[in-house]
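For reference, the structure discussed in these notes is given below.
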Amino acid sequence: SGTVAFLLIENGVGGGIVFDGHLFRGAGGFAGEFGQMLVCPDRTAAAGRRTPHLECIIGKDALLAAYKAAGAQSDAELDDLLSALRNGDLLASGVAADWADHLARGLINLTNVLNPERIILGGSVALVYAHVETRVLAAMRKELLEGFPLPRLGPPPLCLGGVAAG
């Protein structure tokens with residue numbers, strides 16, 4: 001029961017909203033398109049859009065492009081970044097910190113609108129979160145109104161009791 005938001009972070013960012021055990025689809029069935037949130041108007045937009053959307057900044061392609069632009073090998077993949085983070089690599093840590101700041105902006109917006117009890121982060125890119133959790137939570141605490149409850153945040157529990165489809 002309660003309100004739960006799920007973010008699936010891959011090349012894009014999608015997700016879902018569950019209110020009291022029921023998947024919320026919205027008027028046209030598009031609820032949960034968290035990646036379409038407008039963020040960072042000072043950044044260069046991708047795909048011909050005027051303003052960068054969250055998925056253009058925290059999706060896998062954007063994360064790997066930032067990693068390579070910072071000096072990683074041109075053929076670096078997500079597994080390489082994750083391995084570098086586990087090994088304490090400063091280059092990878094800097095890229096992950098920047099990613100965390102953008103993720104936090106999206107989560108702050110989501111939290112302010114939905115006031116969820118829990119936000120579940122899924123998808124391959126969500127594995128970066130474990131390395132930047134403290135930074136994300138600090139940013140959220142700083143920006144949310146005083147007394148506003150911080151949702152439980154992180155990977156999905158081992159058993160969610162089913163999968164929403166369609």
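Not measured: the values here are computed from a predicted model.
In this structure, Pro149 and Thr111 approach most closely via the heavy-atom pair O-CG2, 4.2 Å. The heavy-atom pair separating Val125 from Ile58 by the smallest distance is CG1-O, 3.7 Å. Nearest heavy-atom pair, Ala139 versus Ala104, reported as atom, atom and distance to 0.1 Å: CB-CB, 3.7 Å.
Of the inter-residue distances, the one linking Trp99 atom CH2 with Leu81 atom CG reads 9.5 Å to the nearest 0.5 angstrom. Between Asn11 atom CG and Leu63 atom CG the span is 10.5 Å, to the nearest 0.5 Å. Rounded to the nearest 0.5 angstrom, Ser74 OG and Leu64 CG are separated by 12.0 Å. The CG atom of Leu153 sits 10.0 Å away from the CD1 atom of Ile120 when rounded to the nearest 0.5 Å.
Two residues are said to be in side-chain contact when any heavy atoms from C-beta on lie closer than 4.5 Å; Leu107 and Leu103 meet this criterion. Using a 4.5 Å heavy-atom threshold, the side chains of Arg141 and Leu150 count as touching. Within the 4.5 Å cutoff, no side-chain heavy atoms of Val136 are placed close to those of Glu133. Side-chain contact between Ile17 and Phe34: present, with at least one pair of heavy atoms (C-beta onward) separated by less than 4.5 Å.
Between the side chain of Asp20 and the backbone N or O of Gly2, at least one donor-acceptor pair lies under 3.5 Å.
Not counting sequence neighbours, the partners of Phe24 by the ring pair (Phe, Tyr, Trp, His ring centres under 6.0 Å) test are Phe19. Legend: residues meeting side chain to side chain donor-acceptor pair (under 3.5 Å) with Asp101, ordered by chain and number and at least two apart, are Arg135.
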